[in-house]
Every structure is written in structure tokens, then in C-alpha cells.
Amino acid sequence: MPKEPANPLDRFRQKIIVVANGCHLWVGTFNACGYGKFLAWGRQYIAHRFAYEMSTGKPIPEGLDIAHQCNTRACVNPAHLVAQTQ
């Protein structure tokens with residue numbers, strides 16, 4: 001079995017498949033609510049929140065949640081994610 005790369009961004013990319021509608025589907029592990037989960041830098045992330053933070057380069061502002069415009073919980077495509085009030 002090949003060794004996973006140490007770089008969290010490279011590991012994250014390995015757990016995604018791109019489908020025809022533009023979704024980047026998470027194929028790693030999931031939490032009980034059906035959202036992807038990902039461990040990076042000693043912290044557990046919800047996969048779509050990790051994707052949003054990595055694409056914007058900053059943390060999600062307090063009081064905002066990340067919603068899927070495509071209505072697909074497994075999607076981590078930053079173009080499909082939007083910060084909005086909870």
C-alpha cells in the first residue's frame with residue numbers, strides 16, 4: 001500500500017473525485033451527520049469547512065456556517081461553498 005503524503009493539502013486532494021456536475025466529492029471518512037472529516041495539523045476538520053478555509057486562506061468568521069450551494073454534503077468544491085449566517 002502506498003504511503004500517504006505528509007502534506008495535508010496533498011492528502012486532502014487524494015480523497016476527492018470530481019464528477020460531471022462540478023462537485024468535488026469527498027471519498028474519505030464521514031461523521032455521523034454525513035459530512036466528510038479530515039485530520040490536519042493535529043486538528044479534526046469537517047472536510048467542506050477545511051476546503052473553504054484553504055481556498056480563502058483565512059478562518060471561517062465567527063457566527064457563519066458553510067453551506068453547499070449544490071446541496072451535496074459530500075461536496076468540497078470551494079466554488080460550491082458559501083459562508084452564511086446559521
Side-chain angles (χ1 to χ4, degrees):
M1 184 170 182
K3 185 179 176 184
E4 286 195 356
N7 180 324
L9 295 175
D10 290 340
R11 286 190 303 106
F12 189 83
R13 287 183 197 107
Q14 287 185 340
K15 297 179 185 310
I16 296 168
I17 58 169
V18 179
V19 295
N21 69 356
C23 285
H24 298 181
L25 299 180
W26 182 253
V27 294
T29 58
F30 291 84
N31 66 18
C33 296
Y35 292 104
K37 60 183 187 175
F38 181 68
L39 182 65
W41 302 294
R43 178 179 165 206
Q44 185 74 44
Y45 289 88
I46 301 299
H48 69 283
R49 294 176 63 86
F50 179 85
Y52 183 88
E53 288 186 356
M54 293 302 105
S55 71
T56 62
K58 49 190 165 182
I60 298 164
E62 192 167 326
L64 295 183
D65 197 17
I66 304 303
H68 296 87
Q69 293 179 321
C70 58
N71 294 316
T72 303
R73 286 187 179 188
C75 183
V76 296
N77 181 349
H80 292 190
L81 305 174
V82 62
Q84 64 183 29
T85 57
Q86 299 176 359

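Atoms considered below: every heavy atom in the structure, side chains included; atoms not considered: hydrogens, waters and symmetry mates.
The heavy-atom pair separating L39 from R11 by the smallest distance is O-NH2, 2.7 Å. Taking every heavy atom of both residues into account, F30 and G36 meet most closely at CD2-N, 3.5 Å. Annotation for L64 and T85: closest pair CD2-N, 3.7 Å, computed over non-hydrogen atoms. The shortest heavy-atom contact between A51 and P78 is O-CG, 4.1 Å.
The only option from I16, I46, L25 that meets the side chain to side chain contact (heavy atoms under 4.5 Å, CB included) definition with V76 turns out to be I16.
Interatomic distance, OH of Y35 versus CD1 of I66, reported as 11.5 Å (0.5 Å rounding). In this structure, H80 NE2 and H48 NE2 are separated by 14.0 Å, a value rounded to the nearest 0.5 Å. Rounded to the nearest 0.5 angstrom, R13 CZ and N7 CG are separated by 7.0 Å. Once rounded to the nearest 0.5 Å, the distance linking OG1 of T29 with CZ of F38 reads 9.5 Å. In this structure, CG on D65 lies 5.5 Å from CZ on R49, to the nearest 0.5 angstrom. The distance from the CZ atom of R73 to the SG atom of C33 is 6.5 Å, given to the nearest 0.5 Å.
Annotation: side chain of Y45 is in contact with side chain of E53 (closest heavy-atom distance under 4.5 Å).
Between F12 and F50, the ring planes lie tilted relative to each other; the angle falls in the 30° to 60° range.
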Task: Candidate pair H68 and L81, rule side-chain contact (heavy atoms from CB on, under 4.5 Å), full reasoning - done: CA-CA 5 Å; H68 296 87; L81 305 174; 3.5 Å; yes
